[in-house]
Amino acid sequence: MVKLTEVEDEHFTDKPVPSKHDALLVSDDEDYSDTDSEISEDEEIELEEETFFERVSALKDMIPPSARRTVNNTISSVTSFGKASLSFSGKALWIISTSAFLLGVPFALAYAEEEQYIQMEREQGMIKGANEMLTPGLESEKKEAQLAL
């Protein structure tokens with residue numbers, strides 16, 4: 001069986017000594033670190049190399065997690081709605097365009113052929129009218145000759 005024992009840290013057991021103005025003095029330990037750490041002195045921060053995205057992503061801790069979750073859910077729902085809308089409209093456009101080709105092209109060809117026949121009949125009527133104007137008596141003689149036979 002394992003028995004657990006609590007080990008106290010030296011820093012917590014030593015009480016700091018107050019000064020004459022009730023200010024706590026810090027001991028001269030080598031482990032002491034101030035806000036001016038050695039890491040920040042050694043490393044130079046260059047803001048010119050930082051991208052805009054890195055700066056914005058560093059600000060995410062300023063927004064509470066619940067607000068970030070709400071914004072994330074809203075953006076993801078809008079994105080999924082947009083993707084679904086684009087998918088549906090693409091499929092609908094495909095159905096409409098193929099239906100138009102399958103039904104519209106044969107109809108357009110048949111309509112163009114019918115218009116061509118109508119135009120040919122008009123041209124033949126105009127040619128017949130022009131021939132009657134050039135030789136008005138010839139047609140009446142042909143009719144009389146056919147009646148006589």
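By convention here, the first residue in the shown sequence is residue 1. Values below: every heavy atom of this structure, side chains too, minus hydrogens, waters and symmetry copies.
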Atom pairs and distances, donor-acceptor, side-chain atoms in residues 82-93, under 3.5 Å, two or more places apart:
residue	atom	partner	partner atom	Å
Ser85	OG	Phe81	O	2.9
Ser89	OG	Ser85	O	3.0
Ser89	OG	Leu86	O	3.0

Legend entry - Hydrophobic cluster partners of Trp94 (side-chain heavy atoms under 4.5 Å): none
Legend entry - Linked hydrophobic residues, Ile75 as query - side chain contacts closer than 4.5 Å: Val71
Inset, instruction - For Pro106, check side chain to side chain contact (heavy atoms under 4.5 Å, CB included) against everything at least two apart and list the hits. - result: none
Residues 108-121 side chain polar contacts: donor-acceptor under 3.5 Å, at least two apart:
residue	atom	partner	partner atom	Å
Glu113	OE2	Tyr117	OH	3.4

Inset, instruction - Not counting sequence neighbours, which residues clear side chain to side chain contact (heavy atoms under 4.5 Å, CB included) with Arg69? List them please. - result: Pro65, Ser66, Asn73
Legend entry - Residues clustered with Met62, ILVMFWY side-chain links under 4.5 angstrom: Leu59
